[in-house]
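Heads up, the thing below is written out as structure tokens.
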Amino acid sequence: MLSSANKSKRPAHKHDIRRAFHKQLQELWRVDGNLRDWVDRLDNNDVPKFQGIADRYGKWGHRWVPLVDDVHSTHCSLDVLMLRPGRVGGLIVETDIDNRLKTLFDALQIPTSQSQLEPPTSDEDPFFVLLENDSLISSVSVTTDRLLATERYIRNDIPDKLTLSRDQSANRDHVVLILSVAIHAAKTTMDNLHLIG
């Protein structure tokens, strides 16, 4: 994961990360019983509730479906496990943790500009994101640890741009993230009861 200080590659890189999260969130909406109700239930206009959310957040040729948004009076806390090559420790010395987290937060939200957004594919309409905007993150806990894999995790949907080296010298930007998200209500309503745990 590139830090947000890497300005030339940042927008496209953030959208690549956003696309990886989209697939996972899309599956969550499909399998989670509470969210599934919003896929199946119609609103007052005879449109599935999640499609109404996508219509509300349409911009730059995309229709976005945030799981956490102001309309539903929700916010969230994140617990981040960041696995990265290199020696254990070195959270501050060896990595630009603040800028990496900023990259992550930007990738979790609806983009704030159209910069380097490609038109959505058929699988990206609507496009699922965690956050309407990153100001809805109320707390963050970060744990770093060593990534012990010596080969890259291969994904067919993302071109292989990095091969991990055994000496770890070329691997500073490669991380594996495991996120735990807890959704909270700023105000409990009938429309957010299914989101809060």
Side-chain angles (χ1 to χ4, degrees), residues 1-4 13-41 43 48-57 59 62-84 88-89 91-92 95-112 123-124 126-147 153 155 174-197:
M1 176 179 2
L2 301 176
S3 76
S4 64
H13 180 63
K14 287 177 186 177
H15 198 60
D16 287 343
I17 297 169
R18 190 177 293 116
R19 281 184 157 146
F21 284 124
H22 157 73
K23 291 179 183 298
Q24 295 173 56
L25 288 164
Q26 184 179 45
E27 179 68 4
L28 179 66
W29 279 80
R30 188 184 74 75
V31 301
D32 181 87
N34 292 323
L35 293 174
R36 181 76 201 164
D37 185 49
W38 276 41
V39 172
D40 297 334
R41 188 168 34 130
D43 65 13
K49 290 205 60 101
F50 86 102
Q51 291 289 356
I53 296 169
D55 292 341
R56 178 184 307 126
Y57 292 107
K59 61 180 177 179
H62 287 72
R63 294 177 338 122
W64 308 94
V65 179
L67 186 56
V68 176
D69 65 353
D70 277 326
V71 170
H72 295 103
S73 301
T74 53
H75 59 98
C76 70
S77 54
L78 300 177
D79 188 5
V80 181
L81 173 59
M82 183 182 296
L83 302 174
R84 57 190 171 61
V88 176
L91 174 66
I92 304 302
T95 63
D96 183 4
I97 191 74
D98 289 341
N99 283 327
R100 285 183 185 225
L101 287 175
K102 179 64 177 149
T103 296
L104 172 63
F105 298 162
D106 286 349
L108 291 172
Q109 72 178 346
I110 297 172
T112 57
D123 186 48
E124 295 174 342
F127 199 115
F128 294 88
V129 292
L130 179 63
L131 305 164
E132 174 187 359
N133 62 67
D134 62 8
S135 70
L136 297 172
I137 300 171
S138 54
S139 67
V140 178
S141 170
V142 180
T143 302
T144 64
D145 208 339
R146 186 178 219 171
L147 177 63
Y153 288 84
R155 295 201 31 212
H174 182 72
V175 298
V176 173
L177 297 174
I178 299 171
L179 301 180
S180 295
V181 179
I183 299 175
H184 314 283
K187 174 177 72 173
T188 304
T189 68
M190 292 302 291
D191 280 339
N192 68 19
L193 279 177
H194 70 290
L195 296 173
I196 57 179

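For the numbers below, each heavy atom of this structure counts, side chains included, while hydrogens, waters and symmetry mates do not.
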Do you know which two heavy atoms are closest between [X] and [Y], and how far apart they sit?
| X | Y | answer |
| --- | --- | --- |
| Leu67 | Thr74 | O-OG1, 4.3 Å |
| Phe128 | His22 | N-ND1, 3.0 Å |
| Leu25 | Val129 | CD1-C, 3.3 Å |

Checklist entry - Any salt bridge (charged side-chain N to carboxylate O under 4.0 Å, His left out) pairs touching residues 26-35, not counting sequence neighbours? => result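 Passing the test, one end in residues 26-35: Glu27-Arg30.
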
Checklist entry - With sequence neighbours left out, what residues match Trp38 under ring pair (Phe, Tyr, Trp, His ring centres under 6.0 Å)? => result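 His72, His194.
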
Is the shortest side-chain heavy-atom distance between [X] and [Y] below 4.5 Å?
| X | Y | answer |
| --- | --- | --- |
| Arg19 | Phe127 | yes |
| Leu78 | Cys76 | yes |
| Gln109 | Ile137 | no |

With [X] via side-chain hydrogen bond (donor to acceptor under 3.5 Å, both in side chains) - residues at least two apart:
| X | value |
| --- | --- |
| Asp55 | Arg63 |
| Asn34 | none |
| Ser138 | His75 |

Checklist entry - Can Asp106 and Lys102 be counted as an ion pair, charged N to O under 4.0 angstrom? => result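 Salt bridge flag = yes for Lys102 with Asp106.
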
Test side-chain contact (heavy atoms from CB on, under 4.5 Å) applied to [X] - qualifying residues, sequence neighbours left out:
| X | result |
| --- | --- |
| Ser139 | Ser77 |
| Val39 | Trp29, Arg36, Phe50 |
| Asp70 | Glu132, Asn133, Leu136 |

Item to check | Distance in Å, Leu130 CG paired with Ile110 CD1, rounded so as to fall on 0.5 Å steps | outcome: 10.5 Å

Next on the checklist: Under a 3.5 Å threshold, yes or no: a donor from one side chain and an acceptor from the other, between Arg18 and His15?
Outcome noted: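 Their side chains do contain a donor-acceptor pair, which is all the 3.5 Å distance test asks for.
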
Item to check | Worked verdict on Phe105 versus Leu131 for side chain to side chain contact (heavy atoms under 4.5 Å, CB included) | outcome: CA-CA 9 Å; Phe105 298 162; Leu131 305 164; 5.8 Å; no

